[in-house]
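Working notes, beginning with the structure itself.
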Amino acid sequence: MPQISKGERAVITARIPIPYDRKLREWKDATGETRNDLIERLVREFLDTNDPASHAGQEELPLQKTA
């Protein structure tokens, strides 16, 4: 059965410690969610809730307002 296209995608590669790889495989076996889908979901959720611009190396200075 052909898979439905999820649109354009970029390939990313990450190296993780072996114990986390084992847990990732256990998660896949327990839930049926593919490793790729899990990682894609986690990255998307992280980026949807974190603004990269807010981590651009500059922080807002606490300024007092005068009357």
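Positions are given from 1, in the same order as the sequence printed here. For clarity, every value in this text was computed on a predicted model and none was experimentally measured.
Interatomic distance, R41 CZ to T34 OG1, rounded to the nearest 0.5 Å: 10.0 Å.
Remark: D48 pairs with R44 by the side-chain contact (heavy atoms from CB on, under 4.5 Å) rule, at least two apart or across chains. The salt bridge (Lys or Arg N to Asp or Glu O under 4.0 Å) test applied to R35 returns D21, not counting sequence neighbours.
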Distance-only check: which donor-acceptor pairs under 3.5 Å involve side-chain atoms of residues 6-15, not counting sequence neighbours?
| from | atom 1 | to | atom 2 | distance (Å) |
| --- | --- | --- | --- | --- |
| K6 | NZ | D37 | OD1 | 2.8 |
| R9 | NH1 | K6 | O | 3.1 |
| R9 | NH2 | K6 | O | 3.2 |

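The hydrophobic cluster around Y20 extends to I16, L24, W27, L38, I39, L42, V43, F46, L47, counting ILVMFWY residues whose side-chain heavy atoms fall within less than 4.5 Å of a member.
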